[in-house]
Amino acid sequence: MKKIAVLGAGSYGTATAYHLAKKYENDANYSICIYARDKKIVEEINRDHTNKKYTQTPLPHNLVAHDNLQQAVDKADYTIMGVPAQSMRSVAKELAPIIRHKTIIINLAKGLEVGSFKRMSQIISEELQAVKHLCSITSLGGPAFSKDIFAHHPIGVALGGKNNKILHEIRLLFDTETFDVKITKDVIGVELGGALKNVFGIMAGIMSGTDMGSSINGDYLTRSIVDMKAIASFMGARRATLDGRAGLGDLAITCTEGSRNFRFGREFAKQHQKNSSLPIDELLQNTLEALNIKTVEGFYTLDPLYQLCESINMFVPIVNNLYKMLYKNDCSPEEAVHRYRIRDKIRSREARLTISRVLSFLFPRIWYRRERGFFGVKNL
Ligand SMILES: NC(=O)C1=CN([C@@H]2O[C@H](COP(=O)(O)OP(=O)(O)OC[C@H]3O[C@@H](n4cnc5c(N)ncnc54)[C@H](OP(=O)(O)O)[C@@H]3O)[C@@H](O)[C@H]2O)C=CC1
Ligand SMILES: O=C(CO)COP(=O)(O)O
C-alpha cells in the first residue's frame, strides 16, 4: 500500500489531490489524503466530497481529509507540499518531528522566501535536516492551472530533483493520458522558473490594464525571458531549463487571464487609474478586495528578488520598475512600463553575441550590463 499526503487544501493542493485520487480511484494499493487547517473544509470534504471554497468539481470518495497534520503524514510514502511559499517554512518546521524519515517530498509552491531569497526545497531541507531527515525533495513546476486539472484538460509539467530514480517514480505516479511530467535534475531552474514567472506575470497584467495594444505581449514575453534567464543562471540554474515548461511555458500562461498574478497586475492598474492619490497600501488592499483572492505569489517574491538584484547590481529593468511602482509608489503603471522599455533600449541586440556567451560560460557570476553602471552610476 502506498500513501500520498497532500498538505494544503487550497486551489492547487485540492487539484493535485483530485488528480491522484481520480487516477487511483479503483486501485486499493494507493491511499490519498489531504490536510487542511480549517476543520470546516475537512468536514466538507469527508461528508460532502466537495471543497466549494476552491472548486465546484465533486471530489472522489477515496480522498480523505484530516485537520491533524500528524495523522495526514503518518506512514506517508509521498508528501506533497501545497501551501503558499511564505507558509512553507512554518509547515516544514511542524513536519520535521513527525514526518516519516524516507518520505518523498514534492513541493508545489512557486516563490522565494521574503528576507532570505531562499527557494522552497532549500527551506524544506533546512527545516528537515535540523532533525536529520533523509527525505528526497523535489519540486513540480511548469504550466498548470488547477481549473484545467479539475477539467481533465491536457497538462504538461516539469519535475526537478537530484535523484533520477525518484524523479522517474514520481513521473509515473502522476502520469495519465492527459497529464505528462518531464523530469530534470535542475531543481534550481524549475523552482526559479516558477518563482520568477509570477513576478513577470504581474507586469503583463499591468500592461493589459493600461491598454497598450496587443503587439507588446509578444515583445514582453521575450524580454521577460532575457531577465529571467539572467537572474536564474546567476542563482545556479541552467539557462535551458528556463526555455522549457518551468520557465517560458509557465510564463506564457501567467501572462493570461487565467493567472491570479496577471489579474492582480491588471486590477492594480485599474485601481491606480481610479484614484492615483491613494497611499500604496490602500491601492494594494483595494486590488485584492476587488479580485477576492489571497495568493498572489509574485507580489511577495518581488521583494526578495529586487533586494537580490540590487545587492549584485544586476541589470533587470522589468523587476526594478515593477518594484518601484508596487512597493514605493514611485511611478504610475504607465510610467513603469515606459521606464522599463526605455532602460531596455540599452540592449541593442536581439541575441547575445558569441563573445558574451563565452564570457558568461567562463565567468557565470560576472555580467557586463549593470543596473547602476560599472561605477554605480545609472547608464541611461
Ligand atoms: N492555483 C494554481 O493553479 C497553482 C498554484 N501553484 C502554487 O501552489 C501554491 C499554493 O497555491 P494555491 O493552492 O493556488 O493557493 P490558495 O490560496 O488557493 O490555497 C492556499 C492553501 O494553503 C493553506 N495554507 C496557507 N498557509 C498554511 C499553513 N501555515 N498551514 C496550513 N495550511 C496553510 C490555505 O489554508 P486556508 O484556506 O486555511 O487559508 C489554503 O488552503 C502557490 O505557491 C502557487 O504559486 C502552482 C501551480 C498552479
Ligand atoms: O502557477 C500557476 C500556473 O502554472 C498559477 O499561476 P497564478 O498563481 O498566477 O494563478
Side-chain angles (χ1 to χ4, degrees), residues 5-19 34-42 44-45 51-55 65-69 72-73 79-95 106-113 119-121 123-124 127 139-151 153 155-159 190-191 193-205 244-267 288 291-302:
V6 180
L7 312 186
S11 179
Y12 203 41
T14 308
T16 305
Y18 171 85
H19 170 70
I34 188 160
Y35 160 77
R37 60 183 171 181
D38 183 343
K39 271 192 170 34
K40 282 196 196 120
I41 288 191
V42 169
E44 186 193 331
I45 296 176
N51 182 359
K52 292 221 166 104
K53 184 171 169 196
Y54 293 103
T55 177
H66 296 289
D67 60 11
N68 178 312
L69 189 60
V73 297
T79 302
I80 302 181
M81 310 292 281
V83 297
Q86 306 312 322
S87 299
M88 192 56 74
R89 192 177 287 282
S90 69
V91 174
K93 226 185 248 304
E94 262 188 86
L95 270 184
I106 304 158
N107 159 61
L108 304 179
K110 296 174 176 172
L112 297 178
E113 187 178 46
R119 293 175 286 105
M120 295 300 105
S121 62
I123 293 169
I124 299 168
E127 293 303 326
S139 269
L140 196 67
F145 285 134
S146 49
K147 65 178 169 56
D148 290 331
I149 297 179
F150 285 119
H153 285 324
I155 301 282
V157 290
L159 177 74
V190 169
E191 291 188 328
L196 298 178
K197 67 86 190 174
N198 283 334
V199 172
F200 288 82
I202 295 180
M203 188 64 118
R245 287 174 170 178
L248 182 58
D250 211 356
L251 175 68
I253 69 161
T254 306
C255 293
T256 66
E257 170 73 31
S259 152
R260 288 166 297 192
N261 287 287
F262 177 88
R263 294 201 299 275
F264 172 83
R266 190 179 55 187
E267 184 60 35
L288 288 175
L291 293 172
N292 192 24
I293 51 173
K294 272 197 305 193
T295 303
V296 183
E297 292 284 29
F299 177 75
Y300 298 105
T301 294
L302 176 57

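In each ligand, atom 1 is the first atom listed, and ligand 1 is the first ligand listed.
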Side chain or backbone of [X] under 4.0 Å from ligand 1, or both, or neither, by non-hydrogen atoms?
{"X": "E297", "value": "side chain"}
{"X": "A36", "value": "neither"}
{"X": "T14", "value": "neither"}
{"X": "S11", "value": "both"}

Donor on one side chain, acceptor on other, N51 and T14, under 3.5 Å: yes
Could you tell me which atoms of ligand 1, counted from 1 in the order shown, lie closer than 4.0 angstrom to a heavy atom of [X]?
{"X": "K110", "answer": "43 (O), 45 (O), 46 (C), 47 (C)"}
{"X": "F145", "answer": "3 (O)"}
{"X": "A144", "answer": "3 (O), 47 (C), 48 (C)"}
{"X": "K53", "answer": "37 (O)"}
{"X": "S146", "answer": "1 (N), 2 (C), 3 (O)"}
{"X": "A9", "answer": "41 (O)"}

May I ask which of L108, I149, V91 has a heavy atom nearer to atom 30 (N) of ligand 1 than the others do? V91
Considering both backbone and side-chain atoms of R260, is one of its nitrogen or oxygen atoms within less than 3.5 Å of a nitrogen or oxygen in ligand 2? yes
Min N/O separation P143 to ligand 2 under 3.5 Å: no
Does atom CZ (F145) have a neighbourhood of more than 12 heavy atoms from anything else shown, all under 6.0 Å? yes
Nearest neighbour in protein (non-hydrogen) for [atom]:
{"atom": "atom 28 (C) of ligand 1", "result": "R37 NH1, 3.4 Å"}
{"atom": "atom 15 (O) of ligand 1", "result": "T295 OG1, 3.4 Å"}
{"atom": "atom 41 (O) of ligand 1", "result": "G10 N, 3.1 Å"}
{"atom": "atom 37 (O) of ligand 1", "result": "Y54 OH, 2.9 Å"}

Is it the side chain, the backbone, both or neither of I253 that has a heavy atom closer than 4.0 Å to ligand 2? side chain
Is the contact between D250 and ligand 2 made by the side chain, the backbone, both, or neither, using heavy atoms and a 4.0 Å cut-off? side chain
Check each atom of ligand 2 against the heavy atoms of [X] and keep those under 4.0 Å away; list them by number with element.
{"X": "G142", "result": "4 (O)"}
{"X": "K110", "result": "1 (O), 2 (C), 3 (C), 4 (O)"}
{"X": "S259", "result": "7 (P), 9 (O), 10 (O)"}
{"X": "A144", "result": "3 (C), 4 (O)"}

Any E297 heavy atom less than 4.0 Å to ligand 2: no
Please report whether ligand 1 has a polar contact with [X], defined as an N or O pair separated by less than 3.5 Å (distance criterion only).
{"X": "D38", "result": "no"}
{"X": "S87", "result": "yes"}
{"X": "V83", "result": "no"}

Student check: side-chain heavy atoms of [X] and [Y] closer than 4.5 Å:
{"X": "L288", "Y": "K294", "answer": "no"}
{"X": "M81", "Y": "L95", "answer": "yes"}
{"X": "I80", "Y": "T16", "answer": "yes"}

With a 4.0 Å cut-off on N to O distance, would you call D250 and K110 a salt bridge? yes
Decide whether the shortest distance between a heavy atom of R260 and an atom of ligand 1 is less than 4.0 Å. yes
